[in-house]
Amino acid sequence: MSWQPVIGLEIHIHLKTRTKMFCRCELAYGLDANTRTCPICLGHPGTLPVPNARAIEWTIKLGLALGCEIADRAIFHRKNYFYPDLPKGYQISQYDEPLCRHGRLLVPGPEVDAEVGIVRAHLEEDAAKNVHVGGAAGRIHGAGRTLVDFNRGGTPLVEIVTRPDLHSADEARRFLQLLRQTVVELGISDAEMEKGSLRFDVNVSVRPAGSDELRTRTELKNMNSFAFAARGIQREVDRQIGIYEAGGEVEQETLHFDPDHELAPPLRSKEEAQDYRYFPEPDLVPLAPPRQLVERLRKEIPEPPGARIRRFESQYGLRFYDAEVLNGSVALAELYERVVSAGVDAKAASNVLMNEFARTGVEPGAVDAVELAKVIEARARIPRDRFNEALAGSGDPGFDAERYLGDGLVVETSELEPLVERVLAANEKEVAAYRAGKRGLLGFFVGQVMRETGGNADARVVNELLRTKLDA
Ligand code: ADP
Ligand code: ZN
Ligand code: MG
């Protein structure tokens, strides 16, 4: 019997607005603890939240990029729970009337594409950050005490929930990469896992291939990279299959993925049914995004990265993996398209950009595509290290391909000298005639030297060199 993995994701993304969600405190990452706080984000009694308009617009923008319907009316709710990182005792979030719902994201794959349903994308505020002291690597296990840094408290946070439409670890990884790229390209988040500005939980179950039932799922938390997530999912899928094949039942539980051991040991064996006692936030009116605003934001949405991969495959005849690599950043994708439109063969351009160019570490956004196109066109007829040098310099301001490819530099003066000597030695009769006054022979010598270099020398330099030798 074969099994199909079923995976759904819950992703949290920090918006990079200038200020927090409900107060005017500056967003701060890596600053001294508790230096960006005020009575509102510290939850003092009697304070009132004022929503950040930009965070609302950006959430709508993300919703549109994910093909969501934007609510005519959305409500902030209080989600009540007690924890030291939540001074108010509740988080302002969204519940049954979120800003965005019913979307989808296309995830192109090497064989099959996935169309991943987006259940919802809503806006909330992040909690503060608990800092565990005394344990290993800031982990709670073994820590002596816990400090709270309220700088993060109140950061605008978008939560995105997918349908369980992903069916392999690899597909989940590609979805996360595309989603990350989408928010980065929208300019609304830096979505960096190391900074905690992108976090996600993975829900995993398996079912007999061909069935559409949804079996009991487990939830993997604390993933710290896409690669770890893919490995964790694979492990969990194998574990569940093992249980079913042994005649057992999978239990619903939360598994804590430990990147050091690559295990998923249970954190709690039974999922506690949480009761957050959601109720409408009485200090905030419902959000009613005007249609003109939504339509204006819709016009600002760039081509989604998944669609771009698809287009690269068909428009340029690229393999999926090449199209995927070239779309790893919008800057690289744009550079590729501009190099091709400057006349370079699509396949040649993709080879150079993915290999030699990628190895230089040059920032694609800094490159003049027309100059780079000249370098790539010259690839076959210039020495390999000259080619690599040209690529390495291609991000420099005012980069001029001719400086590398132009006649003079292809064969340098120092390399020319022995060639000139050789040509003169091989043509003693003509040298004598020249010296006797047949000046017109200069052109003959120049021609000979140029032939030796395969046409890759600067004729003016050759001229000068020959004259100094002949007239000496
Ligand atoms: P809850 O209300 O308990 O949080 P949801 O229906 O909101 O559950 O689902 C939470 C996440 O779990 C979603 O990303 C969803 O796609 C995923 N999910 C739900 N059921 C399954 C399942 N049987 N297998 C895998 N993932 C699932
Ligand atoms: Zn504040
Ligand atoms: Mg849920």
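What you see below is based on every heavy atom in this structure, not just the backbone, and it leaves out hydrogens, waters and symmetry mates. Atoms within each ligand, like the ligands themselves, are counted from 1 in listed order.
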Between L9 and ligand 1, which residue portion shows a heavy-atom distance shorter than 4.0 Å: side chain, backbone, both, or neither? backbone
So which of R199, H12, Q91, K20 actually passes side chain to side chain donor-acceptor pair (under 3.5 Å) with D126? R199
What atoms in ligand 1 come closer than 4.0 Å to a heavy atom of V6? 24 (N), 25 (C)
Can an N or O of V204 be found at a distance shorter than 3.5 Å from an N or O of ligand 1? no
Run the numbers for me: atoms of ligand 1, each under 4.0 Å from some heavy atom of P164, listed by number. 16 (O), 26 (N), 27 (C)
Does the N or O separation between E10 and ligand 1 drop below 3.5 Å for any pair? no
For the atoms SG of C25 and SG of C41, give the angle they form at the Zn ion (ligand 2), rounded to 10 degrees. 110°
Ligand-residue contact atoms, ligand 1 with L214, heavy atoms, under 4.0 Å: 23 (N)
Should R73 and E97 count as an ion pair when the cut-off is N to O under 4.0 Å? yes
Quick one: which of N203, T162, I11 has a heavy atom closest to atom 15 (C) of ligand 1? T162
Using the ring of Y90 (Phe, Tyr or Trp, six-membered ring only), decide whether R78 places NZ or CZ under 6.0 Å from its centre and within 45 degrees of its axis. yes
Report yes or no: does Q240 contribute a side-chain atom to a donor-acceptor pair with the main-chain N or O of V204 at less than 3.5 Å? yes
R277 to N80 - nearest heavy-atom pair and separation: O-ND2, 2.7 Å
Is the distance between the ring centroids of Y336 and F312 under 6.0 Å? yes
Close N or O approach (T216, ligand 1; < 3.5 Å): no
Decide, yes or no, whether a salt bridge links E219 with K221 under the criterion of side-chain N to carboxylate O below 4.0 Å. yes
Give the numbers and elements of all ligand 1 atoms closer than 4.0 Å to a heavy atom of R163. 16 (O)
Contact atoms of ligand 1, heavy-atom distance to V161 under 4.0 Å: 13 (C), 14 (O)
Please determine whether a side-chain nitrogen of the Lys or Arg among R215 and E251 lies less than 4.0 Å from a carboxylate oxygen of the Asp or Glu. no
